[in-house]
Amino acid sequence: MRNDAVPLALLGGTFDPVHYGHLRLAEDVRRALAVDVALVPARDPPHRDAPAASPADRLAMLQLAVEAFPDLAIDARELARAGKSYTALTLEELRAEAPRRPLALIVGADALLGLPGWHRWRDLFGLAHLIVVERPGTVLATRSMAPHLRAEWEARWRPDPAALRRATAGAIVVQAVAPQPISATAIRAGLRRGALDEIRGLLPPAVMSYIQNHRLYEPPPDAP
Ligand code: ATP
């Protein structure tokens with residue numbers, strides 16, 4: 001049963017593949033803020049190259065991953081929707097389904113700094129809160145922000161995470177999480193090199209098996 005008093009926080013991404021950086025982050029946020037968390041895989045991410053694995057494979061890996069994290073949900077609506085996977089559209093759909101439920105976007109510090117490049121980025125604040133988490137390799141400081149983003153930050157940052165429950169959208173809160181120096185880029189590079197021992201431990205064993213069984217992220221057979 002959905003409880004509209006509990007904010008719904010979304011972690012969007014390509015999940016190409018999903019790894020413990022995503023999963024532990026989502027679980028840390030869920031527990032620390034007492035929110036529901038859904039992982040939202042993008043079909044066609046607007047700001048980056050097309051994912052290497054297909055939507056079906058990325059969804060299958062997420063489904064295997066959440067077996068070990070049963071309190072995390074998956075919202076696959078962007079995989080079903082044609083066209084670019086704009087977060088603003090996803091939030092508008094969710095808002096129409098739950099007009100009074102607080103919604104939030106979980107963004108790593110790296111993603112936050114890129115926010116002004118997102119489609120209709122200012123509209124996002126009318127649709128959802130932002131939960132910003134630190135990410136190894138990116139410093140979360142207002143001096144790193146573009147001026148428009150810094151202005152939004154200064155107007156919207158709230159030290160008390162209760163702000164997530166006081167309104168349905170519009171606040172920015174920062175949540176400390178255990179740092180996970182893991183990236184999908186590094187995992188794909190390790191897989192291409194065949195460095196399987198470096199990769200194991202960075203993602204759930206069931207996801208690792210799926211990657212191997214489906215020969216994902218391998219170089220084409222005739223590659224040098
Ligand atoms: P890639 O290396 O392909 O860019 P990624 O590991 O960054 O992939 P994404 O699917 O692009 O994964 O990330 C989705 C979201 O999860 C982003 O908001 C990103 O900042 C966040 N994120 C991913 N990995 C981590 C991590 N290790 N720590 C904190 N946030 C993370």
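Whatever order the structure lists ligands and atoms in, that order sets their numbers, starting from 1. Heavy-atom basis, side chains included; hydrogens, waters and symmetry copies ignored.
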Output the list of atoms in ligand 1 that are nearer than 4.0 Å to some heavy atom of [X], sorted by atom number.
{"X": "H19", "value": "6 (O), 24 (N)"}
{"X": "R188", "value": "3 (O)"}
{"X": "G13", "value": "10 (O), 14 (C)"}
{"X": "L11", "value": "15 (C), 16 (O)"}
{"X": "G21", "value": "27 (N)"}
{"X": "F15", "value": "10 (O)"}

Checking a contact table here: which protein heavy atom is nearest [atom], and how many Å away?
{"atom": "atom 13 (O) of ligand 1", "answer": "H22 NE2, 3.6 Å"}
{"atom": "atom 30 (N) of ligand 1", "answer": "L25 CD2, 3.5 Å"}
{"atom": "atom 18 (O) of ligand 1", "answer": "G108 N, 3.3 Å"}
{"atom": "atom 27 (N) of ligand 1", "answer": "Q180 O, 2.6 Å"}
{"atom": "atom 1 (P) of ligand 1", "answer": "T185 OG1, 3.3 Å"}
{"atom": "atom 10 (O) of ligand 1", "answer": "T14 N, 2.9 Å"}
{"atom": "atom 4 (O) of ligand 1", "answer": "R48 NH1, 3.0 Å"}
{"atom": "atom 22 (N) of ligand 1", "answer": "R135 NH1, 3.6 Å"}

*Out of L203, L39, L11, which one pairs with L23 under the side-chain contact (heavy atoms from CB on, under 4.5 Å) rule?*
L39

*Within a strict 4.5 Å, meaning less than it, do heavy atoms of the I106 and L10 side chains meet?*
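When only atoms from C-beta onward are counted, L10 and I106 do not touch, as no gap falls below 4.5 Å.
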
*Do I187 and I182 come within less than 4.5 Å of each other through their side chains, counting heavy atoms only?*
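A side-chain contact exists here, since the closest heavy-atom pair is under 4.5 Å.
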
For ligand 1, is there an N or O atom under 3.5 Å from any N or O atom of [X]?
{"X": "V107", "answer": "no"}
{"X": "A111", "answer": "no"}
{"X": "E134", "answer": "no"}
{"X": "I106", "answer": "no"}

_Pick from A184, A186, G12: the one approaching atom 14 (C) of ligand 1 most closely through a non-hydrogen atom_ = G12

I'd like to know if [X] and [Y] make a salt bridge, using a cut-off of under 4.0 Å between side-chain N and carboxylate O.
{"X": "E78", "Y": "K84", "answer": "no"}
{"X": "E218", "Y": "R193", "answer": "no"}
{"X": "R77", "Y": "D75", "answer": "yes"}

*Please lay out, stage by stage, how E27 and R24 fare under the test salt bridge (Lys or Arg N to Asp or Glu O under 4.0 Å).*
CA-CA 5 Å; E27 187 58 20; R24 293 186 183 136; over 6 Å; no

*Taking atom CG of D44 and atom OG1 of T14, what is their separation to the nearest 0.5 Å?*
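One finds 11.5 Å between CG of D44 and OG1 of T14.
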
*Hey, could you give me the CD1/CZ distance between I172 and F125, rounded to the nearest 0.5 Å?*
4.5 Å

*Would you say the side-chain atoms of R95 pair up with the backbone N or O of L127, donor to acceptor, closer than 3.5 Å?*
yes

_Suppose we screen for ring pair (Phe, Tyr, Trp, His ring centres under 6.0 Å). Which residues come up paired with Y210, at least two apart in sequence or across chains?_
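Y210 satisfies ring pair (Phe, Tyr, Trp, His ring centres under 6.0 Å) with H214 only.
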
_Checking salt bridge (charged side-chain N to carboxylate O under 4.0 Å, His left out) between D36 and each of R101, R30, R31, which is the one that passes?_
R101

